[in-house]
Amino acid sequence: MASQVVHGQLNATIFEATHLGYGGIHKLLKKVGEEVKELLHLEGHRGLYATIDIGIARIARTRVLSHEHQNPIWNESFHIHCAYKSSHLVVSVKKGLEISAEVIGRAQIPISEILTGDVIEGWYHLYNEDFSEKLRKAQIHVRFQFRHVSEDPYWGSGIRDGDFPGVQHVYFKQRKGCRVKLYQNSHLSEQYRPRIELGHGEERCFYRPPRLWEELYEYLDGAKHFIYIAGWSVNTQITLVRDRERMIPGAEGVTLGELLKKKAEQGVRVLVLIWEDRTAVEFLRNQGLMKTHCDETFEYFKGTNVYCFQCPRLAAHSLSPVQSVEIAVEFTHHQKTVSLDASIQGSENRQVVSFVGGIDLSDGRYDNEIHPLFRTLNTVYRDDFHQNNYKDTDLEHGGPREPWHDAHSKIQGPAAYDVVTNFIQRWTKQADSSLLLKLEDLLDVQPPDAHFESPESWNVQIFRSIEDASVVGFPANPSDAPELGLVTVKDQVIDKSIQCAYIEAIRRARDFIYIENQYFFGSCASWDRDQDCGCLHLIPIEIALKVVSKIKARERFSVYVLNPMWPEGIPEGDTVQAILHWFRNTARMMYKMIGEALREEGLDHEFRPTDYLNFFCVGNREVKLPGDYVPPERPQEGTDHYWNAQKHRRTMIYVHAKLMIVDDEYIIIGSANLNQRSMDGARDSEIAQGCYQPYYINQRGRRARGEIFGYRMSLWYEHFAYKNGGLRREYLHPESIECVRLIRRICQRIWDSFVEEETVEDLPGHLMLFPMRVLNDGSLDEEEDIVYHDTKASVKGRKIDVLPPILTT
C-alpha cells in the first residue's frame, strides 16, 4: 500500500484492550527483569501501556497500568499535530520492563481510512510484532478522527481578526489587555536609532528600540515586594549597566549579586531558582561541563537574605534507571525568567512585570548591535571576556571575544501572572514553598485580571516545555490532561505547548516566516537518513509543507532562518559536528521538497528553491585602529584557530536568540531552541510567549505595522541594512521575490568581505548566507566540502557514532 501524507490534526482515543494472553517470551523477560532488579538493587515500574505510531514516529503513548491485566482500560484521548508520510497507522500494546519493553500485540489501520476524515471507531484484532500471526481473541478498542490542515479555519489566513482565541488545548489561555516590549541584544548603543515608521497612517509614530539590561536594572532596583528569578545560568558577578553614555545614577559597577542582596536586605523577597548542573563536580573545578556558575552562585548567596535553590533536572519515577540518569545529567532547566512587582506611573498601586526570553543573566551576554571583537576589551569587557569557540582563550591573549546576538521580552498585565505561576509551580515542586509570597495578600499590587485597554495593547499566551517531575499543578486524572494540551507518556504528564504554538503559527502563516534560533533541526521521520535519531519535532517539516502548499497555489512565500555559523564550541569537536550533521539533514529534506514542488508545478525554470527558503549566519570583522587593546601575550603563531581569528580579525557572531515572526503580526519568543531537547517537553524545560497586537494585524488592503513589524525591521537594520542602503521599500514585503533576491545579493557581498585574506575595512554588515550550496533542483552540493575559515572544521558536519543522538538532538 502506497504511503500518503498525513498533515493536519488527529484526535485519537485509546479505550481498552481485551484478552491479552502472555506467552513464554513474556515469562522469560519477566524473569530476566526480576534478576536484573535483584542484581542492581533497583526498584522499577512495570505495566501495560499503548502507543500510536505513524511510520517511525511515535505520536502518542498512554500512561502505564502498573498491575498486570488481561483487560487494561486506559480511556485516554490525544490531540495530535501530524506531518508524516506512511501507509499505515499502528497501535501497539506493550509491557514495560526494567530496561526495555515487550510488544504484546499490534493493530494497524490504513492511512487511506484515516484521511477520509470520518470517525473511525471499533475493536481491532491484535497481531504479533511483525503482523505475521493473529493473537487469538486479543483486541484493542480505539477511535480516530482526522482533520486535514486545509480544514483549519486559520490555515494560511493569519490572525485575521481581533477574536482570534489563541492556541487551544494548552495549559495557559490567551490573555487580553497586556503590554509587551521586545528586546534585541542585552543592550543597544546610544547611536542606534533606525527610522522605522509604525501605525496605519492616522498619525506618524516611530519604533523606539528598548534596552533590556538597563530596564531590568531599574525594575530590580524598584521592586518593593518580590523578585523571582529562574535561570539556566545566573552569574552574580556581571554588571547590567556598562554604557558610560547612558549611565544610570548609582548603577556603575554594581553587580547583579550586590543588587539582589541589597533588595533582600530592604525586605524584598528574593528567590533565585537555578539549574543544578550535575556535572559540576570537584574534578572539573566545580564549573561543570556547561560552566553555568551554579555552585558559585549558591555559595555567594549562602547566609544572605536571598534564597537561592539549585534545581536539578529530576526524572519521573516511572522511568528506568538508565533513563533517569540520562535526564539528570544530559538535560537542563533552560527557562530564563524574572518576575517582580513594579510601580505604575501616576498611581499608588503596583503591577506584576515578567521578563521572558533567551538572554541568560550570565557572563558573555552583554552586547549591542555593533558586536565588537577587539575594541572594547580593555573597557566594557575587561571583566567579562567570553570566547568558547577556540581553545585556551583569555583576555591576556587578546580577542576576538565571542560576540553575542540574543532576544528577550517583557510582559505587563494578566500574562505576567502566568509567568509567576510557572515559577511558583517549579519552586513548590523542588524548593521550600513556605518562602513564596501570597500575591493576593499584597494589597497594593493589581490583581491578575487587571488589564490595559488601548489600541497598543497585546494579546499574550504563555507556552512551556516541561513535565510533572518539575512542576506541580498538572491534573491527577489523565482524562483531564488533553483539554489542557498535556500528554501522558507512561506515567509522565508533559506540557509541550511550545511545539504546538510553533506548529499552529506556521500553519496560520500567509506571507512569510522569519526565524532566529540557536539551533534548527528536526522532523527526522522525513529525512533520507538517520531517521531513527529521535529528533521528531515537526517545525521544519511544517515549514517545508507550508512552502510547498504556496508553490502549488502559485502564491509567494518566503522563509528566512538565522542560525549561528556553527554551534558554540570547538568547531571540529564531536558535539558541534554532530549538530551540523543534523542541521544538514534537515536542510536537505526541506530543499528537496521545495525543489520537487517547483518541478511538479512547472516553475523550476522560473524560480529556485532559494527564492523561498534561505539559511543565514552572522559574523563580524574589524580593522585595527589606533588605541585598540593590545594584549600582553599572543597565541603561538600559526598553531590554532585562535591565532588565525586574531590574525584575520574576524569571527562569527553567536546567535542565541529564540524567536519566530509570522507575517509581521505574530511573534513567539522565549528560551526554546528548535531542536528535540527544547520541543520534546520531557527533556529541557522551557518557556515562551506568543503574542500580537489586535489593532495591528494584516487586513484587506492594510499590512500589519505595529511593534512586531518595527522589531523585525530593527533586527534587519542591525544585521545588514544599516551599511547597505538603509531600510529599503523591498523590506516592507519580505515575501516578495525582489526582497529575497536583494537580501541574498547583500549577504553575498558581506560574505566576500568576511572571507578576504586581508582586513581592509570593518565588515559592511553582519548577515551572510550560510555556506551551503543549494542546486536548482533542490539538492545540496554533496561534492563540495567547505571548511569554516580560520578552522579545519567541515561545514557539513559528520555523524558521530560515539555520541548518543539523545545528547545532541
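One-based numbering along the sequence shown.
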Contacts of D130 that satisfy side-chain contact (heavy atoms from CB on, under 4.5 Å) - sequence neighbours left out:
N128, S132

Is there a donor-acceptor contact under 3.5 Å linking the side chains of T18 and N71?
yes

Do the rings of W232 and H334 sit parallel, tilted or perpendicular, given the 30° and 60° boundaries?
perpendicular

Do the side-chain N and O atoms of S671 and E686 include a donor-acceptor pair separated by under 3.5 angstrom?
yes

Return the set of residues passing side chain to side chain donor-acceptor pair (under 3.5 Å) with S150 (not counting sequence neighbours), or none when no residue passes.
H148

Heavy-atom closest pair, residues Q676 and C535:
OE1-C, 3.5 Å

Supply the atom-to-atom distance T586 OG1 to M590 CE, rounded to the nearest 0.5 angstrom.
8.0 Å

Shortest non-hydrogen contact from E542 toward A83
OE2-CB, 3.7 Å

Who are the side chain to side chain donor-acceptor pair (under 3.5 Å) partners of S92, not counting sequence neighbours?
R106

Any idea how H7 and W155 line up, ring-wise: parallel (<30°), tilted (30 to 60°), or perpendicular (>60°)?
perpendicular

Here's one to test your reading of the geometry: is the NZ or CZ of R464 within 45 degrees of the ring axis of F172 and under 6.0 Å from its centre?
no

Go through the side-chain N and O atoms of K176 and N459 and say whether any donor and acceptor fall under 3.5 Å apart.
no

Check the side chains of Q4 and K85 for a donor-acceptor pair under 3.5 angstrom, ignoring hydrogens and angles.
no

Answer yes or no: does atom NZ of K429 have more than 12 heavy-atom neighbours from other residues, nucleotides or ligands under 6.0 Å?
yes

Is atom CZ of R147 surrounded by more than 12 heavy atoms (other residues, nucleotides or ligands) closer than 6.0 Å?
yes

Non-hydrogen atoms of A578 and I800 that approach each other most closely:
CB-CG1, 3.8 Å

Ion pair check, R175 and D418, cut-off under 4.0 Å:
yes

Any chance the side chains of D530 and H581 put a donor and an acceptor closer than 3.5 Å?
yes

For K592, side-chain contact (heavy atoms from CB on, under 4.5 Å) partners two or more places apart
E596

Under 6.0 Å from the six-membered ring centre of Y666 and within 45° of its axis: does the NZ or CZ of R508 meet both?
yes

Taking only Lys NZ, Arg NE, NH1 and NH2, and the carboxylate oxygens of Asp or Glu, determine whether R143 and E121 approach each other closer than 4.0 Å.
yes

Looking only at heavy atoms, which two atoms of F521 and T808 are closest? And how far apart?
CZ-O, 3.5 Å

CD (Q430) and OG (S470) are apart, to the nearest 0.5 Å, by 5.5 Å

Parallel, tilted or perpendicular: which one describes the rings of H169 and H79, with boundaries at 30° and 60°?
parallel

Contact list for residues 462-502, test ring-ring contact (aromatic ring centres under 6.0 Å, His included), sequence neighbours left out:
Y171-F474

What pairs with E76 under salt bridge (charged side-chain N to carboxylate O under 4.0 Å, His left out), at least two apart in sequence or on another chain?
R63

